[in-house]
Asker: 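For reference, the structure I am asking about is given below.
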Number of protein chains: 2
Amino acid sequence: MEMMELTRKGEYAIRGILYLARQPRGTVSLVGDIAQASEVPKTFLAKILREFVKVGLATSSRGTGGGFSLARPADCITLREVVEAVEGPILPNRCLLGTGTCERDVTCRVHPVWKKVRDQIVSVLDGVTIAELVREDDGDILK
Amino acid sequence: MEMMELTRKGEYAIRGILYLARQPRGTVSLVGDIAQASEVPKTFLAKILREFVKVGLATSSRGTGGGFSLARPADCITLREVVEAVEGPILPNRCLLGTGTCERDVTCRVHPVWKKVRDQIVSVLDGVTIAELVREDDGDILK
DNA sequence: ACCTTTAGGACCTTTTTTGTCTTCTTATAT
DNA sequence: ATATAAGAAGACAAAAAAGGTCCTAAAGGT
C-alpha cells in the first residue's frame, strides 16, 4: 500500500554492499557469511551479488579462498548505483522513458512533474556514498 | 524493472481527476464518460472515483442525473493528494513508518537518506495543483 | 581427483496489481 | 408504485511482479 517503496531486493542489496564496505580493503567475503551477518536469504543474496559483479560494483573469484569484494573504494560508490544495480533505473512514471513508450499525450503536462521527481530522487541518492553510510562518526550525511 | 514507478492505478487516478477538473464548475460526470474519454477500464475507474469520494477529493450522487464532480476547486487539490488517495502514503523505505516496524538497526544510517528522498518527492508533488496541470497556457509549472 | 566457491538458470510460491461481476442502495422519472 | 438510472460495496479471478529455492555447470585451490 505504500508508494514508491524500495523492494526487499533493494534493501538486501544495501545490506550486502554495506557488509562488503565494512571489511578491510582486500578482504574476500563468502556469500554465506554476508547472508548470515546481514540476515538475508543466502541464495537470494547470491543473485544480488552477481548483479553487483555484472555492473562492476563488485568482483568475485571462485574456488577455495574465493568470494566477493568491492570493485572500487566505498567512497566511489553511490547509493544510487547500488539501488539501480538491482532495481533498474529510477523512473517514477513510464512516460519518462524514450519517446513512443507513452501511448497518450506526449505533450502531457504531468510529465515534467515526474521528471522533476526523478531528478530529485537521483540527486539525493547520488549524493550519498557507501563510505558515508558505513562511517561510525556521526557527521551529518544530510549536509 | 523500473524503480519507484507509479502504478496504473495512480496514472488512471490522475487522468480521472484531470477529466473532472476540465469540466465546467458544477458539472456532474458519469463514470462511463470519464472512462471512455480517459481510456481507463470503466469498473476500475469506478473504484478509483469511490476512493476520491472517501478521502474528500470528489463528491458523488446516485440515480438519474447522478455522477461525480470535484469536491473542491482544482487549484485546491495537489497532485500529491490525488496520488496518495489511491496509492497510499509516499514511503520509499519501510523504515520510515513508525518505530518498531524496522526490525533492524533503528539507528541505521540509511534511514535519514530515505527520509530525505521522501521529503523531496512530497515537496514536488505538493507543489503542483490539478488546476496547473489542466491550464492550457504554458506557464512553466517547474517554477 | 576432489573439494570449494561462484555462475547461470529453471522452477516455485506468495503477494500485488489489475481488473470483472453481482448484488445492493439511492435517486429520479413516469 | 414502478421502472430506470445511477453509484456503493465487495467477492472473485487473471496476470504480473516479488521473493526465494534448487540443481547443474564452471572455475579455482589442495
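Throughout, a chain's letter reflects where its sequence line sits, starting with A, and its residues are numbered from 1. These values consider heavy atoms only, across backbone and side chains, with no hydrogens, waters or symmetry-generated copies.
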Asker: Report the residues that fulfil salt bridge (charged side-chain N to carboxylate O under 4.0 Å, His left out) with Asp126(B), sequence neighbours left out, ordered by chain and then residue number.
Answerer: Arg80(B)
Asker: What pair of heavy atoms forms the shortest contact from Ala21(B) to Ile130(B), and how long is it?
Answerer: CB-CG2, 3.6 Å
Asker: Considering every strand and a 4.0 Å limit on heavy-atom distances, what is the contact class for Gly32(A): base, sugar-phosphate, or nothing?
Answerer: nothing
Asker: Could you check whether any side-chain heavy atom of His111(A) comes within less than 4.5 Å of a side-chain heavy atom of Lys115(A), counting everything from C-beta outward?
Answerer: no
Asker: Closest approach to the side chain of Phe68(B), judged atom by atom: which nucleotide of dG7(D), dA5(D), dT6(C) is it?
Answerer: dG7(D)
Asker: Are the side chain of Glu84(B) and the backbone of Glu81(B) linked by a donor-acceptor contact shorter than 3.5 Å?
Answerer: no
Asker: When you compare the protein's N or O atoms with those of nucleotides 13-15 of chain C, which come within less than 3.5 Å of each other, and at what distance?
Answerer:
none

Asker: What is the distance from CG of Leu6(B) to P of dT16(C), rounded to the nearest Å?
Answerer: 18 Å
Asker: To the nearest angstrom, how far is Glu87(A) atom CD from dG19(D) atom P?
Answerer: 8 Å
Asker: Look at the side-chain N and O atoms of Tyr12(A) and state whether any lies under 4.0 Å from the OP1 or OP2 oxygen of dG20(D).
Answerer: yes
Asker: Donor-acceptor check, side chain of Arg118(A) to backbone of Leu91(A), threshold 3.5 angstrom: yes or no?
Answerer: no
Asker: Within a strict 4.5 Å, meaning less than it, do heavy atoms of the Ile17(A) and Phe68(A) side chains meet?
Answerer: no
Asker: Do Gln36(B) and Lys42(B) make a side-chain contact, defined as non-hydrogen atoms from C-beta onward lying under 4.5 Å apart?
Answerer: no
Asker: Rounded to the nearest angstrom, tell me the gap between atom CE in Met4(B) and atom C1' in dA18(D).
Answerer: 16 Å
Asker: Please check the phosphate of dT16(C) (OP1 and OP2 only) for any side-chain N or O of Thr7(B) closer than 4.0 Å.
Answerer: no
Asker: Applying side-chain hydrogen bond (donor to acceptor under 3.5 Å, both in side chains), name anything that partners Gln23(B), two or more places apart in sequence or on another chain.
Answerer: none
Asker: Is any side-chain heavy atom of Ser38(B) closer than 4.5 Å to a side-chain heavy atom of Tyr12(B)?
Answerer: no
Asker: Do Leu79(A) and Thr129(A) make a side-chain contact, defined as non-hydrogen atoms from C-beta onward lying under 4.5 Å apart?
Answerer: no
Asker: Under 4.0 Å from OP1 or OP2 of dG19(D): is there any side-chain N or O of Arg8(A) that close?
Answerer: yes
Asker: Look at the side chain of Arg109(A) and the backbone N and O of Val134(B), then say whether any donor-acceptor pair between them is shorter than 3.5 Å.
Answerer: no
Asker: Whole angstroms only, please: what is the CD-P distance between Glu11(B) and dG19(C)?
Answerer: 11 Å
Asker: Between Gly63(A) and Ser60(A), which has a closest nucleotide on DNA chain C that is more 5'?
Answerer: Gly63(A)
Asker: Please tabulate, for the side chains in residues 46-55 of chain B, all donor-acceptor contacts under 3.5 angstrom to protein atoms that are two or more places apart in sequence or on a different chain.
Answerer:
| from | atom 1 | to | atom 2 | distance (Å) |
| --- | --- | --- | --- | --- |
| Glu51(B) | OE2 | Lys9(B) | NZ | 3.1 |

Asker: To the nearest 10°, give me the bend of the helix from dA1(C)-dT30(D) to dT30(C)-dA1(D), comparing the axes of its five terminal pairs at either end.
Answerer: 0°
Asker: Is the base of dT5(C) touched by the side chain of Arg62(A) through a donor-acceptor pair closer than 3.5 angstrom?
Answerer: no
Asker: List in numerical order all residues of residues 42-58 of chain A for which some heavy atom is under 4.0 Å away from an atom belonging to DNA chain D.
Answerer: Thr43(A), Phe44(A), Lys47(A)
Asker: Could you tell me the separation between the CG atom of Leu30(A) and the C1' atom of dG28(D), rounded to a whole number of Å?
Answerer: 14 Å
